[in-house]
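Contents: one structure, followed by commentary.
These numbers come from a predicted model, not from an experiment. In the text below, chain A, chain B and the rest are named by the order of the sequence lines, each starting its count at 1.
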There are 2 protein chains.
Amino acid sequence: MRQPPRLFPAARAVYLQGARDVPLYNIESGWLFSYQLLADGRRQILQFLLPGDLAGLEMDGSAGMTHGLDTLTDSVLCSIPREGFQRLCDSCPVVANHMQWIRARDMALLSEHAVSLGRRTARESMANLFMELAVRSVRSVQLISGTSLRMPLTQPIIADALGLTSIHVNRVLSDLRKSRIMELKNKMLTILDMEQLTRLANSPEGFLELWGPKAQA
Amino acid sequence: MRQPPRLFPAARAVYLQGARDVPLYNIESGWLFSYQLLADGRRQILQFLLPGDLAGLEMDGSAGMTHGLDTLTDSVLCSIPREGFQRLCDSCPVVANHMQWIRARDMALLSEHAVSLGRRTARESMANLFMELAVRSVRSVQLISGTSLRMPLTQPIIADALGLTSIHVNRVLSDLRKSRIMELKNKMLTILDMEQLTRLANSPEGFLELWGPKAQA
DNA sequence: CGGCTACTTGATAAATATCAATTCCTGTGG
DNA sequence: CCACAGGAATTGATATTTATCAAGTAGCCG
């Protein structure tokens with residue numbers, strides 16, 4: 001049912017906010033993000049999508065998508081027709097069930113993100129974001145080398161994810177480097193002090209276990 | 001399958017963050033909110049729940065709930081055993097389907113909330129929140145009298161929903177009153193200038209239609 | 001190359017938080 | 001039924017965080 005894989009180059013829109021008849025997309029490789037725009041151009045990034053994730057789950061239909069999807073890196077996506085998938089869900093409870101699980105996980109991720117936006121300081125939010133992405137990317141494909149891993153985010157992207165300006169992101173990042181906690185350079189994240197980073201991130205118990213055994217299924 | 005209705009008085013916990021074996025709850029009447037706490041007590045409210053909504057959908061299982069649920073007003077809830085409901089979903093695709101729809105709607109609401117937290121000013125966020133709750137409450141049970149409707153939120157609650165302090169909420173609220181846009185008094189919201197309020201809320205097209213015909217189903 | 005964007009740093013401004021104090025409600029216990 | 005306690009609402013003064021403006025360098029894609 002999955003359509004043939006298709007390559008989307010880095011920094012391209014996969015679909016725009018408001019688009020109609022958008023299929024689901026299975027992410028074979030690459031990093032992407034979903035976002036929502038305000039009329040004057042302000043942008044809030046809602047989620048980052050990594051290999052193995054499913055995009056386009058949110059609303060569709062007559063009103064159009066509530067969010068847009070862009071690639072961060074070159075990505076390979078397979079589209080999945082909505083109605084065919086719907087039929088599959090109807091006929092196979094195991095699939096329908098797994099979908100619920102995926103949606104619950106997405107919701108937990110977005111909730112955690114909302115906590116950062118509303119109640120964490122810039123430092124805490126950044127620590128949290130990097131821990132989340134480190135765990136997720138290691139669990140999906142990523143090869144770690146020492147304490148470094150690939151983290152293809154630019155400062156403006158981090159800013160739009162955390163509700164900050166890129167200038168402020170730059171300053172906090174250099175603070176974190178000076179504090180010898182972590183370093184982001186050349187799209188590589190190096191964790192210098194996992195102890196302190198974890199304390200800063202301050203995620204509720206259980207958050208990092210969201211990608212435990214069950215997520216492998 | 002739904003258990004007998006049970007009354008929860010105002011300002012009570014229905015379940016705590018981290019609780020295990022929590023059932024689903026159908027909200028027969030009352031207003032509630034779900035939230036997440038940080039170790040030092042900072043609180044982020046994630047969603048408001050109104051009659052007809054379903055609570056407890058997010059993660060459960062061995063790790064415990066990722067969020068807590070409290071009542072705002074006296075509320076009547078029916079618990080729904082998780083495993084029984086699971087079986088129902090498995091045997092009845094229409095139900096499973098509607099669940100997906102509910103989860104997609106919750107996701108869209110939380111996304112919009114995240115946009116407020118990250119990219120809207122305090123004024124805009126508040127306009128947005130009140131428009132959302134006005135529309136939802138009118139669609140569920142609420143009786144409107146003129147341009148006023150019941151809105152049982154305190155300033156500290158609004159603050160924890162929008163990532164602000166209650167002091168700042170107070171100031172913005174009195175600004176909004178002085179600007180003759182809206183007024184919140186005695187748990188009643190009065191809309192003085194719908195035109196301006198809508199412009200301030202600045203919600204993407206389609207957001208307010210999330211509770212259109214289909215939501216009645 | 002050339003043009004755009006990212007990154008960096010400094011100076012200043014705006015939004016929002018913190019501290020403090022007072023009044024007003026409202027639910028509760030005597 | 002009243003008194004009281006505790007949170008809610010309000011206002012002022014001040015502090016902190018984060019944004020805005022500005023400018024220059026450095027990278028990267030076409």
Please identify each residue that fulfils salt bridge (Lys or Arg N to Asp or Glu O under 4.0 Å) with B:D106, with sequence neighbours left out.
-> none
For residues 163-174 of chain A, dump all side-chain donor-acceptor pairs below 3.5 Å to protein atoms at least two apart in sequence or in another chain.
from, atom 1, to, atom 2, distance (Å)
A:T165, OG1, A:H168, N, 3.2
A:N170, ND2, A:Q155, OE1, 2.9
A:S174, OG, A:R171, O, 3.1

Qualifying residues under side chain to side chain donor-acceptor pair (under 3.5 Å), relative to A:R82, sequence neighbours excluded | A:D60
When the distance from CG of A:L176 to P of C:dC7 is rounded to whole Å, what number comes out?
-> 15 Å
Bend of the helix from C:dC1-D:dG30 to C:dG30-D:dC1 from end-axis comparison, five pairs per end, nearest 10°, comes to 60°
In chain order, what residues pass the salt bridge (Lys or Arg N to Asp or Glu O under 4.0 Å) check against A:D70, with sequence neighbours excluded?
-> none
Under-4.0 Å salt bridge between A:R2 and A:E28 = yes
Those residues at least two apart in sequence (or on a different chain) that pass salt bridge (Lys or Arg N to Asp or Glu O under 4.0 Å) with B:D74 are none
Donor-acceptor list for residues 33-44 of chain B side chains, cut-off 3.5 Å, not counting sequence neighbours:
from, atom 1, to, atom 2, distance (Å)
B:S34, OG, B:Q47, N, 3.4
B:Q36, NE2, A:E112, OE1, 2.7
B:D40, OD1, B:R42, N, 3.2
B:D40, OD1, B:R42, NE, 3.2
B:D40, OD2, B:R42, NE, 3.0
B:D40, OD2, B:R42, NH2, 3.1
B:R42, NH1, A:R119, O, 2.9
B:R42, NH1, A:E124, OE1, 2.9
B:R42, NH2, A:E124, OE1, 3.4
B:R42, NH2, A:E124, OE2, 2.9
B:R43, NE, B:D160, OD2, 2.8
B:R43, NH2, B:D160, OD2, 3.1
B:Q44, NE2, B:D160, O, 3.3
B:Q44, NE2, B:A161, O, 2.9

List the protein contact pattern of nucleotides 22-30 of chain C with one symbol per nucleotide (5' to 3'): B for base contact, S for sugar-phosphate-only contact, - for none; contact means a heavy-atom distance under 4.0 Å.
-> ---------
Produce a footprint string for nucleotides 6-18 of chain D: one letter per nucleotide, 5' end first; B if the base is under 4.0 Å from any protein heavy atom, S if only the sugar-phosphate is, - if neither.
-> --SSBBBB----S
Whole Å only: how far is the CG atom of A:D70 from the P atom of C:dT5?
-> 14 Å
For A:I158 and C:dA6, give me the distance from atom CD1 to atom P, rounded to whole Å.
-> 12 Å
If a pair satisfies ring pair (Phe, Tyr, Trp, His ring centres under 6.0 Å) and one of its residues is in residues 177-200 of chain B, list it, with sequence neighbours excluded.
-> none
Identify all side-chain donor-acceptor contacts of residues 182-194 of chain A below 3.5 Å with residues at least two apart in sequence or on another chain.
from, atom 1, to, atom 2, distance (Å)
A:T190, OG1, A:S148, OG, 2.9
A:D193, OD1, A:E195, N, 3.3
A:D193, OD1, A:Q196, N, 3.1
A:D193, OD2, A:Q196, NE2, 2.9

Using the ring pair (Phe, Tyr, Trp, His ring centres under 6.0 Å) rule, collect all pairs that involve residues 36-79 of chain B, keeping only residues at least two apart or in two chains.
-> B:Y15-B:H67
